[in-house]
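The block underneath contains the structure these notes are about, expressed in structure tokens.
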Amino acid sequence: MLLLRCFVSPLFLKAEEGRKLLAIVLGVSEGLAREGLELIRAQVGMPGVKRAALVAYGEVVFRAWKDGGWVRGEVGEAFLQGMLEGAVFARSKELAKAARKLLCVFVEQRTVAGVEKLIFRLAEPVLFRSLQVANSNVRHNGLHLLLDLFPLEDPEVTKDVNDPLLEKQYFLLDKLLMDDCPEIRTVAIEGLCRILNQFWEVIPSLTISKFLSKIVDDMSKDSWTEVRLSTINGLIYLLDNPQSHEILKVLLPRLSDMVSDPALSVRSAAVDLLLAIRDLRSFQFNKVVGLGTLLSSLSNDHPRVAQKITKLLIPSYFPTKLPLKEACARCIALIKRSPTAGARFCEFALSEGSSPRSLVELIKVSITLALSPTGMTSEQTDGLVTASANLIKSLSDEHSSLASLREFFANTKLKLLFKTVVSEEARSALLSMGPVVSPDDLSALHNQCMNIVMNAAGISEQEGCQKAVQAAHKLVFSSGWSDEMFEALTNILQSKASCFAEIYGIEPPMCPVASSKRKKGKLLKKTSAKPSHDVGKGSSSSPALDNEDFDIVAGTSWQIDDMLKDEEKRAAFLQSSYSDVALSSLKVISQVYIEQCLQFDSLDVVPLLAYLNLAAQSALQDVNQTDISMSESATISHSLNHLLDCFGKFLNESFAGSTNSSKLKHNKKSAQQKDHHREAPKGNAVKGTVNLCMLGTSILKFIVDTTTMNLINDNKVGCLNFALSFTKYASSTVKLHQEQSLSFKGNDLKDIFMLTRSSFTYAAKLLHLVLSNSTETPPEEAFFLANNLLDLVPSVESASGSKYALSLISIVKQWLPVLILGLGCRWLIGPQAEANNMHALVESDLPLWVAALAKNELLVAEAPREDGQSEQGSEDSKSSRKLAEMTIDKHVRDDLVDSEESKQQLESAKALIRSILSDV
């Protein structure tokens with residue numbers, strides 16, 4: 001018993017003498033051999049067994065087998081046969097891997113007399129059969145074992161007898177390359193490349209060509225990312241064999257597209273392949289992938305890929321072995337050829353081995369050329385400046401280099417460069433350079449910073465402009481000019497808001513606070529507040545809106561919203577006297593955006609987002625400073641009530657207008673006179689609807705976020721009413737556009753559908769928050785909101801087709817318990833309220849989802865007619881039946897029917913919905 005306990009002791013497994021002792025114990029008697037091998041089998045089957053322990057057990061068994069005795073007889077062969085079958089048929093991949101690890105000790109000793117014959121005798125009956133079974137897990141395990149045992153041969157027969165056996169193995173490997181299971185294809189590719197690397201001389205050349213052609217031509221285009229990745233990794237491994245280079249010279253250029261693969265891991269591995277090729281004298285990497293393709297990837301790809309491409313190109317474009325002057329000339333040539341790629345190249349030059357001294361010299365050469373751009377385009381000049389900025393950023397920790405650079409950039413070189421550059425990226429680069437190379441004289445950049453801040457119209461859709469503005473903000477805050485920037489931004493907003501208030505007859509914003517820091521003669525450039533068309537309150541004609549004004553408002557709002565995302569900038573802005581002016585101005589602007597959203601083909605919702613974000617951050621600051629309850633935030637309450645009132649009035653007028661239009665559709669002139677104030681918009685009706693849905697979805701998101709933070713606990717009914725009106729508008733508008741042949745198409749269809757999905761999710765989450773936090777009777781609005789949300793499904797299906805409806809149902813499925821609870825509210829709010837609810841529901845149009853379910857119930861109950869008269873009705877109601885099956889049966893059943901209790905819950909849910917249907 002003590003001897004058997006040694007088999008599970010780590011001390012015996014770690015020590016060489018201990019393993020020898022265990023091998024001797026296995027040869028003492030048949031009983032000890034059986035029990036010892038059974039203990040080893042149990043240890044191998046334990047989850048989490050360490051690799052070192054498996055190798056130690058394999059060594060013990062091999063020693064005992066080699067020494068003869070009981071292990072070399074039937075007892076030992078039975079154990080090894082069990083291990084081999086476990087390596088193939090084990091359900092767990094970890095168990096199969098553990099069994100293979102123990103057997104690998106024998107495979108590595110196959111040169112010992114008798115070992116190869118033993119392996120062949122045990123594996124041959126099992127292995128080939130396992131590679132052709134239907135179970136993919138067995139094929140996967142068998143493939144691993146074949147790769148470990150290859151070549152599987154009988155050492156006691158001639159070559160003529162073994163050749164068909166090798167051909168069979170080649171055939172199975174070729175077949176497994178095209179296996180249905182992607183994991184098997186992945187293992188087959190890498191394993192086959194390993195076999196070719198190790199046994200190139202003994203494999204026929206035609207077989208090699210066939211394998212490599214299939215890997216390069218077919219596997220590199222596989223739909224699975226892991227398979228494409230294994231293709232590159234296998235070829236990198238195969239390059240270690242010099243005999244493969246001749247054929248790979250022909251095949252590798254076919255992989256040039258993999259540098260642009262959709263998967264980042266594949267693109268990164270493709271550059272690793274080029275790096276492996278670069279180190280081989282017989283290869284030229286630019287013949288595998290063209291320089292143009294590499295520069296394009298360097299310009300636009302992920303930093304991980306861009307850094308590897310820099311490592312690939314640096315011996316050619318900034319070599320350390322050449323004189324510094326010539327190396328700089330090569331890098332300048334790269335920047336001139338592709339300014340964006342050259343700038344990215346400089347970003348990683350230091351990390352890839354270039355010396356700081358050489359990079360300082362490159363900066364000086366680049367800036368000198370940029371200041372005298374004779375014979376260069378503006379893109380090349382901007383590229384030189386951006387490249388220099390990237391180099392300076394990488395050298396920011398090299399103090400000796402910075403001293404030389406600061407001396408070089410004296411005499412207002414930065415100011416001169418601002419007059420030279422054109423692009424926003426270059427201006428952003430210059431602003432980032434300023435604090436590093438000229439920290440004591442940033443005043444020279446003051447005007448440039450303020451010009452960028454004040455002339456950022458349309459910034460929300462221009463990434464380059466955003467980077468320039470963010471760099472300007474950073475420099476402004478670090479230089480102590482933040483109050484001046486706050487004043488400039490709030491003046492712009494107040495000016496535009498006053499203009500809008502005058503045009504549309506609404507209350508103007510509060511006046512800006514005069515700055516005591518403004519110097520005489522240094523007045524900032526003012527933005528004109530003069531409207532293009534003065535239209536006073538009550539004007540019967542729609543004003544012509546100036547798109548430039550709205551671009552300026554959007555750009556300014558984006559800057560305020562961006563500052564609120566940074567903790568330091570947010571604190572400075574909220575503590576200044578300008579935040580209240582900005583909030584008041586954004587309030588007016590948001591009201592105009594809501595009331596006029598139907599007039600535009602495109603509308604930027606950034607001002608509304610900035611207004612909501614500023615209100616929320618102001619409320620949170622008040623909570624932190626005064627230590628009051630979050631539910632008492634007056635800022636949130638005032639801002640939200642204002643938006644809900646504006647949106648509610650707009651939606652009510654829209655519903656009234658659409659109703660009048662429907663009733664008087666045969667007398668168009670009379671309808672226009674009756675509803676002149678809210679006539680059909682002059683803009684694109686579909687685009688206007690998209691604009692309104694964007695605004696409504698943004699407000700819904702804000703409501704959900706602030707409700708989650710307990711900032712609007714006192715106005716949840718008002719929020720439910722807004723969600724109720726907005727979802728009703730969305731459903732009815734989609735239906736109205738369909739009736740008027742103004743259906744959504746192309747990008748508009750995608751936009752409106754994504755907004756519908758988002759608004760559904762936010763409204764359902766709001767319903768969940770209200771119901772879960774209700775300590776008293778749930779509000780009756782929850783019942784109507786649940787109905788409106790379900791109405792969106794048939795509305796989307798009728799307007800856009802079943803494809804979009806099915807996608808929306810996947811969202812409905814997640815919130816179905818909440819919707820059912822919302823529908824059940826009428827039982828929870830008492831008999832009187834229930835009667836009022838049902839009366840209101842019957843007075844209005846029948847909910848679309850109820851109509852769809854009712855139609856389905858009628859079709860199911862209707863017996864088929866012999867004369868075929870019901871075929872047309874069946875075809876017309878096909879979508880309704882499909883919708884009913886998905887919403888009630890299929891999707892609920894997938895989630896709930898897992899037990900008897902779940903079945904009862906399902907039947908209760910169905911009964912609840914059908915009772916609503918019968919009551920209506």
Side-chain angles (χ1 to χ4, degrees), residues 431 435 442 445-446 449-457 459-460 465-498 509-518 524 526-527 552-590 604-626 630 633-636 638-640 642 698 702 705-706 709 711:
L431 291 177
L442 294 177
L445 301 178
H446 173 271
C449 286
M450 299 310 299
N451 284 335
I452 291 175
V453 168
M454 296 188 63
N455 296 281
I459 184 178
S460 60
C465 189
Q466 291 176 10
K467 292 181 179 179
V469 169
Q470 289 171 338
H473 286 182
K474 184 176 181 180
L475 187 57
V476 164
F477 274 88
S478 63
S479 304
W481 308 329
S482 56
D483 281 348
E484 187 176 352
M485 181 178 69
F486 295 157
E487 181 182 5
L489 293 175
T490 51
N491 278 344
I492 294 174
L493 287 179
Q494 197 275 340
S495 173
K496 296 302 178 185
S498 299
M510 64 186 298
C511 295
V513 180
S515 173
S516 60
K517 295 186 178 182
R518 172 96 43 101
L524 295 172
K526 293 185 178 180
T527 306
I552 293 173
V553 167
T556 307
S557 302
W558 185 92
Q559 294 185 66
I560 290 179
D561 190 58
D562 185 69
M563 285 190 296
L564 293 174
K565 296 175 183 177
D566 182 88
E567 184 176 357
E568 181 182 353
K569 297 174 185 176
R570 177 174 65 246
F573 183 68
L574 293 178
Q575 291 171 6
S576 70
S577 58
Y578 302 102
S579 59
D580 293 336
V581 180
L583 186 65
S584 176
S585 302
L586 287 170
K587 171 185 174 183
V588 174
I589 293 169
S590 298
D604 197 335
V605 297
V606 169
L608 177 66
L609 297 177
Y611 177 49
L612 296 174
N613 193 7
L614 182 56
Q617 296 298 337
S618 299
L620 290 174
Q621 186 192 41
D622 294 340
V623 170
N624 293 333
Q625 290 180 350
T626 59
M630 285 189 176
S633 172
T635 305
I636 288 287
H638 177 74
S639 302
L640 186 59
H642 173 255
S698 301
F702 173 76
D705 292 342
T706 50
M709 294 186 290
L711 288 173

Checklist entry - Does Val476 offer a backbone N or O that forms a donor-acceptor pair with the side chain of Ser479 under 3.5 Å? => result no
Item to check | Reported CD-to-CG distance for the pair Gln617 and Leu583, which is rounded to 0.5 angstrom | outcome: 12.0 Å
Checklist entry - Any sub-3.5 Å donor-acceptor pair from Ser478's side-chain atoms to Leu475's backbone N or O? => result yes
Checklist entry - Quick one: does Met485's side chain get under 4.5 Å of Met563's, heavy atoms only? => result yes
Item to check | Between OG on residue Ser557 and CD1 on residue Ile589, distance to nearest 0.5 Å | outcome: 5.5 Å
Checklist entry - Given side chains that start at C-beta, do those of Tyr611 and Ile560 come closer than 4.5 Å, heavy atoms only? => result no
Checklist entry - Is there a side chain to side chain contact (heavy atoms under 4.5 Å, CB included) between Ser639 and Leu612 once you walk through the steps? => result CA-CA 8 Å; Ser639 302; Leu612 296 174; 6.0 Å; no
Item to check | From OG1 (Thr706) to CD1 (Ile636), nearest 0.5 Å | outcome: 5.5 Å
Next on the checklist: List the residues meeting side-chain contact (heavy atoms from CB on, under 4.5 Å) with Ser498, not counting sequence neighbours, and say none if there are none.
Outcome noted: Gln494, Pro509
Checklist entry - Would Trp558 and Val469 satisfy side chain to side chain contact (heavy atoms under 4.5 Å, CB included), going step by step from the backbone distance to the final call? => result CA-CA 10 Å; Trp558 185 92; Val469 169; 4.1 Å; yes
Checklist outcome for this item: Heavy-atom closest pair (Pro607 atom, Leu586 atom, distance to 0.1 Å) is O-CD2, 3.9 Å
Checklist entry - Do Ser585 side-chain atoms and Val581 backbone N/O form a donor-acceptor pair below 3.5 Å? => result yes
Next on the checklist: Holding to salt bridge (Lys or Arg N to Asp or Glu O under 4.0 Å), I want the full list of residues that pass it with Asp566, two or more places apart in sequence or in another chain.
Outcome noted: none
Next on the checklist: Any heavy-atom pair between the side chains of Leu614 and Asp561 that's under 4.5 Å?
Outcome noted: no
Item to check | Listed partners of Asp562 passing salt bridge (Lys or Arg N to Asp or Glu O under 4.0 Å), at least two apart | outcome: none
Checklist entry - To the nearest 0.5 Å, what is the distance between NE2 (His473) and CD (Gln466)? => result 11.0 Å
Item to check | Under 3.5 Å donor-acceptor, Asn455 side chain and Asn451 backbone | outcome: yes
Checklist entry - What's the shortest heavy-atom distance between Ala497 and Val588, and which atoms? => result O-CG1, 3.6 Å
Checklist entry - Could you state the interatomic distance from CD (Gln470) to SG (Cys465), rounded to the nearest 0.5 Å? => result 10.0 Å
Next on the checklist: The test is side chain to side chain contact (heavy atoms under 4.5 Å, CB included); show your working for Asp483 and Phe486 and say whether it passes.
Outcome noted: CA-CA 5 Å; Asp483 281 348; Phe486 295 157; 3.9 Å; yes
Checklist outcome for this item: In this structure, CD1 of Ile452 is separated from CG of Leu431 (nearest 0.5 Å) by 4.5 Å
Checklist entry - Is any side-chain heavy atom of Arg570 less than 4.5 Å from a side-chain heavy atom of Gln621? => result no
Item to check | Between Phe573 and Tyr578, ring centroids under 6.0 Å | outcome: no
Item to check | Shortest non-hydrogen contact between Leu608 and Ser590, atoms and distance | outcome: CA-OG, 3.7 Å
